[in-house]
Amino acid sequence: QLAEQLSKRYEQFIRLEHPCGEAQVDFGEFYAFDSNSIKEIIRYHLIMSFPHSNGRYCCVFPAQNSECLFTGLTKMFEEIGGVPPYILFDNLTPVVKKIVSKNERELTEAFLEFVRKYRFDYKFCNPGSGWEKGHGEGSIGYVRRNFLTPLPLIDDFMDFNENLSKELSDDRKQMHYEKKKPIEELWEEDASTLLALPETPYEAIRGATAVVNKYGEVKVSGEVYHIPKAHPKQSVFIKLRWDTVEVFDAYGEVQLLKSPRKYAFKADAIDWVGELEIYRHKPRAIEQATYLKALPAIIREYLLPADLKERRERVSNVLSLLGNHTITEVAATIQKGIDYNTLDLASLVMLSGYC
C-alpha cells in the first residue's frame with residue numbers, strides 16, 4: 001500500500017515532454033454580460049494551446065455543442081494555416097459518447113467525420129487526470145484572466161472573436177517564461193509541423209428531424225421554434241449550425257424557417273457593486289469598460305460627465321444607492337434626479353424612497 005502511494009506521488013510530478021506541433025483542446029467557462037436581461041450569463045471559450053511554444057488560440061461561443069466545437073476548431077485551423085498533427089482532447093461530450101476503458105473511447109460520428117476531413121491523430125485524457133492536459137487547463141485560466149476580465153459584453157460572437165484573435169497575436173510577442181525566447185519564434189517550430197488544410201473547410205452542420213406540434217412549433221435541442229408556414233403533425237428536416245436553425249419540409253426542398261439559434265443560458269444577477277467598485281478610484285478607465293453597455297442607459301450617461309472628480313463622486317453615489325436598491329430602482333431614482341435637476345447623493349437618497 002505504501003509503495004502504491006509513493007507511486008502515485010511520483011506520477012504527479014512527472015515532467016511531460018511536448019513535441020513540436022502537439023496541441024491541446026478544451027472548453028472553459030466564463031461569465032459575460034447580457035445587455036437584454038441585465039444578467040450575468042455563462043459563455044464558453046474554446047482553447048487550442050501548444051505546450052512546446054506556449055502559443056494559444058481561442059474562440060468564444062454560447063455553448064459547448066458539436067457545432068460550436070467544430071466551427072471553432074475549423075476557424076483556428078484556418079488562422080494558423082494548417083492542422084496540428086496530434087491533438088490531446090478532454091473527454092468532451094461532442095467527441096466522446098462513452099469511456100469504455102482507460103485507452104478506449106466510443107466516439108461520436110460527427111468527430112470521426114471531422115477527423116477524416118483534417119487527418120490529425122488524437123488522444124484523450126484519462127478521467128481525473130488533469131495533469132495530462134495541464135497546458136490546456138492553464139491556458140483556459142490564462143485567457144479568462146487576461147482577456148475575458150472584467151466581464152465582457154458580447155453582442156456579436158464573430159466580431160468578438162476577431163478582436164480576441166488580435167489580442168492573442170500580440171500576446172505571442174512576449175518571451176516564453178522558461179525558454180527565454182519569443183513565443184512567436186517558438187511557434188514557428190510548431191507551425192513547421194502542421195498538416196496542410198483541405199481544399200474546402202469543414203462545415204459544422206447537424207441534421208435532425210421533428211414533427212410539428214398543434215401550436216405550429218418544433219423543439220430543437222431543448223428550445224422551441226414557431227414555424228408559421230408549417231401545419232400540425234407535419235414532418236420536417238432541420239439543419240443546425242452554431243448560430244442558426246433552418247427548418248425544411250420532410251424532403252429538405254422547401255425552407256419553412258431560418259432563425260437565429262436560441263440557447264438556454266444560466267443567468268445570475270450582476271453584482272454591480274463589485275463591478276463598479278474599481279472605478280471609484282479609476283474614473284477615467286470607465287470609458288473603456290465596454291461591458292457597462294449592460295447598464296441602463298440613464299445610469300451610463302450619469303456616470304460619464306467630463307469632469308473626473310465629478311465622475312468619481314457619481315460612481316460613489318451609484319454604489320451607495322445599490323446598497324439598498326436594485327439596479328432598476330437606481331435607474332428610476334437617477335431619472336427623477338434629472339427631472340428635478342438635483343443629482344447629489346442626499347437628494348438621490350430622498351428621491352429613491354419614491355421609486
If you apply the rule side-chain hydrogen bond (donor to acceptor under 3.5 Å, both in side chains), what do you find for Arg261 with Thr244, and how did you get there? CA-CA 4 Å; Arg261 188 162 176 180; Thr244 61; over 6 Å; no
Stepwise, does the side-chain hydrogen bond (donor to acceptor under 3.5 Å, both in side chains) test hold for His52 with Glu189? CA-CA 9 Å; His52 170 75; Glu189 298 173 9; 2.7 Å; yes
Assess the residue pair Ser347 and Asp344 against the criterion (side-chain hydrogen bond (donor to acceptor under 3.5 Å, both in side chains)); give the C-alpha distance rounded to whole Å, side-chain angles, the decisive distance to 0.1 Å, and a yes or no. CA-CA 6 Å; Ser347 298; Asp344 61 280; 2.8 Å; yes
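Residue Asp90 holds its CG atom at 9.5 Å from OG1 of Thr93, rounded to the nearest 0.5 Å. Note: Arg43 CZ to Gln64 CD = 13.0 Å, rounded to the nearest 0.5 Å. Taking SG from Cys58 and CG from Leu168, the interatomic distance works out to 6.5 Å, rounded to the nearest 0.5 Å. In this structure, CE in Met76 is found 4.0 Å from CG in Leu46, a value given to the nearest 0.5 Å. The line from CG of Asn91 to CG of Leu107 is 9.5 Å long, rounded to the nearest 0.5 Å. With rounding to the nearest 0.5 angstrom, the CD1 atom of Ile327 is 7.0 Å from the CG atom of Leu276.
Centroid-to-centroid, the aromatic rings of Phe61 and Tyr44 stay 6.0 Å apart or farther. A centroid separation of less than 6.0 Å is found between the aromatic rings of Phe111 and Phe89. Checked against the 6.0 Å centroid threshold, His45 and Phe30 count as a close aromatic pair. Checked against a 6.0 Å centroid threshold, the rings of Tyr118 and Phe77 count as neighbours. With ring centers used as reference points, Trp242 lies 6.0 Å or more from Tyr263.
Salt bridge Glu184/Arg172: absent, no basic N to carboxylate O contact under 4.0 Å. Taking 4.0 Å as the cut-off between side-chain N and carboxylate O, Arg116 and Glu109 count as a salt-bridged pair.
With hydrogens and angles disregarded, no donor-acceptor distance shorter than 3.5 Å links the side chain of Glu78 to the backbone of Lys75. A side-chain donor-acceptor contact under 3.5 Å links Lys180 to the backbone of Tyr177. Judged purely by atom type and a 3.5 angstrom limit, Lys117 uses its side chain to pair as donor or acceptor with the backbone of Thr200. Listed for the Glu329 side chain is a donor-acceptor partner under 3.5 Å among the backbone atoms of Thr326. One N or O on the side chain of Thr149 and one on the backbone of Arg144 form a donor-acceptor pair closer than 3.5 Å. Arg145 contributes a side-chain N or O that, together with a main-chain N or O of Gly141, makes up a donor-acceptor pair within less than 3.5 Å. The main-chain N or O of Leu240 is never found under 3.5 Å from a side-chain atom of Arg206 such that the two would form a donor-acceptor pair. Checking side-chain atoms of Asn161 against main-chain N and O of Phe157 turns up a donor-acceptor pair under 3.5 Å.
Put simply, the side chain of Lys262 does not reach to within 4.5 Å of the side chain of Val220, judged on heavy atoms. The shortest side-chain heavy-atom distance between Gln174 and Ile183 falls under the 4.5 Å cut-off. Within the 4.5 Å cutoff, the side chain of Leu197 has heavy atoms near those of the Val83 side chain.
A donor-acceptor contact closer than 3.5 angstrom is absent between the side chains of Ser352 and Thr333. In this model, a donor atom of one side chain and an acceptor atom of the other lie less than 3.5 Å apart for Arg56 and Ser139.
Atom CG of Asp339 has more than 12 heavy atoms from other residues, nucleotides or ligands within 6.0 Å. Atom NZ of Lys173 is surrounded by more than 12 heavy atoms from other residues, nucleotides or ligands within 6.0 Å.
Ring orientation note: the planes of Phe248 and Phe237 are tilted relative to one another, at an angle of 30° to 60°.
For the salt bridge (Lys or Arg N to Asp or Glu O under 4.0 Å) test, residues two or more places apart in sequence or in another chain that qualify with Glu310 are Arg314. Remark: Tyr225 pairs with no residue by the side chain to side chain donor-acceptor pair (under 3.5 Å) rule, at least two apart or across chains. Remark: Thr71 engages no residue in a side chain to side chain donor-acceptor pair (under 3.5 Å) (not counting sequence neighbours).
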